[in-house]
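Report on the structure given below.
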Amino acid sequence: MKQYYLFLVFIFFNSCQYIDKQIPSEKELLQKELKSINWKEVDEYPSVVDCEKIEDKKQRQQCFFEVLTQLIQEKLSVDTLSVLYPELDTIEVKVTVFPNATMQFEPQFPKDSVAYDTIKIDSILKARLVDFPKINPAIKRGIPVKTQFILPVILKVE
């Protein structure tokens with residue numbers, strides 16, 4: 001029986017070491033989690049209804065880019081851009097999709113571009129690129145986030 005009590009006392013004093021372990025602070029855990037997140041990548045890319053049924057992440061992204069590029073090309077094909085600037089066959093458009101599902105379009109020109117009236121082209125884009133179908137914003141850890149990407153838009157198809 002003495003051995004049993006000695007064993008219990010030994011276990012009791014040794015178990016106190018396990019209770020004294022330091023618990024990481026909330027800030028340390030938050031910093032560790034923030035460092036582990038890849039902020040350059042989203043969990044789900046923006047999408048349109050037509051692309052929702054695609055399961056593969058890369059294929060869904062490609063579908064979204066193709067649909068959006070086609071919509072932009074259709075909206076700009078009826079415009080005067082090709083008449084005003086016949087040498088302009090492709091324009092790069094920076095597309096921003098906001099968490100509230102709104103979009104913003106900005107034409108991207110080379111820094112040394114003086115051949116184009118950038119203000120006029122920008123105003124034409126803003127006037128024509130409206131009334132898009134519902135866009136679902138990108139998702140990062142269950143939260144809608146802002147995304148930006150540049151799409152090459154072909155103005156002349158020959």
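The first residue in the sequence is number 1, and the count goes up from there. If you're wondering where the values come from, they're calculated on a predicted model, not measured in any experiment.
- Here Ile54 pairs with Gln59, Arg60, Cys63 under the side-chain contact (heavy atoms from CB on, under 4.5 Å) rule; sequence neighbours left out.
- Taking the ring-ring contact (aromatic ring centres under 6.0 Å, His included) definition, one finds that Phe132 meets it with Phe105, sequence neighbours left out.
- Using a 4.5 Å cut-off on side-chain heavy atoms (C-beta onward), Pro133 and Val49 make no contact.
- For Glu26, there are no side-chain hydrogen bond (donor to acceptor under 3.5 Å, both in side chains) partners, not counting sequence neighbours.
- When every heavy atom of Asp43 is checked against every heavy atom of Gly142, the shortest pair comes out as OD2-N, 4.4 Å.
- Shown here are the side-chain hydrogen bond (donor to acceptor under 3.5 Å, both in side chains) partners of Asn100, two or more places apart in sequence or in another chain: Thr102.
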Practice problem: Could you check Met103 against Ile135 for side chain to side chain contact (heavy atoms under 4.5 Å, CB included), going step by step and ending with a plain yes or no? | Solution: CA-CA 8 Å; Met103 294 193 314; Ile135 303 286; 3.6 Å; yes
Exercise. Report the C-alpha distance between Gln104 and Phe98 in whole Å, list the side-chain angles of each, state the deciding distance to 0.1 Å, and finish with yes or no for side chain to side chain contact (heavy atoms under 4.5 Å, CB included).
Key: CA-CA 8 Å; Gln104 177 182 354; Phe98 294 98; 3.4 Å; yes
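- For Phe149, the side-chain contact (heavy atoms from CB on, under 4.5 Å) test picks out Pro46, Phe64, Phe65, Leu68, Val95, Val97, Thr147, Leu151, with sequence neighbours left out.
- With contacts defined as side-chain heavy-atom distances shorter than 4.5 Å, the pair Val93/Ile150 does not qualify.
- Every side-chain hydrogen bond (donor to acceptor under 3.5 Å, both in side chains) that Ser47 has, sequence neighbours left out, goes to Glu52.
- Other cluster members for Ile139: none, since no ILVMFWY side-chain heavy atom sits under 4.5 Å from it.
- With a 4.5 Å cut-off on side-chain heavy atoms, Lys35 and Lys32 do not count as touching.
- A pairwise comparison of heavy atoms in Ala101 and Pro137 identifies CB-CD, 4.2 Å as the closest pair.
- For the residue pair Gln70 / Glu66, no side-chain donor-acceptor distance below 3.5 Å is found, with atom types taken as modelled.
- Not counting sequence neighbours, the partners of Glu33 by the side-chain hydrogen bond (donor to acceptor under 3.5 Å, both in side chains) test are Arg141.
- Residues Val42, Tyr45 make up the rest of the hydrophobic cluster containing Val145, defined by ILVMFWY side-chain heavy atoms closer than 4.5 Å, directly or through other members.
- Checked against side-chain contact (heavy atoms from CB on, under 4.5 Å), Gln148 has the following partners two or more places apart in sequence or in another chain: Lys94, Thr96, Lys146.
- Taking the salt bridge (charged side-chain N to carboxylate O under 4.0 Å, His left out) definition, one finds that Glu41 meets it with Lys57, sequence neighbours left out.
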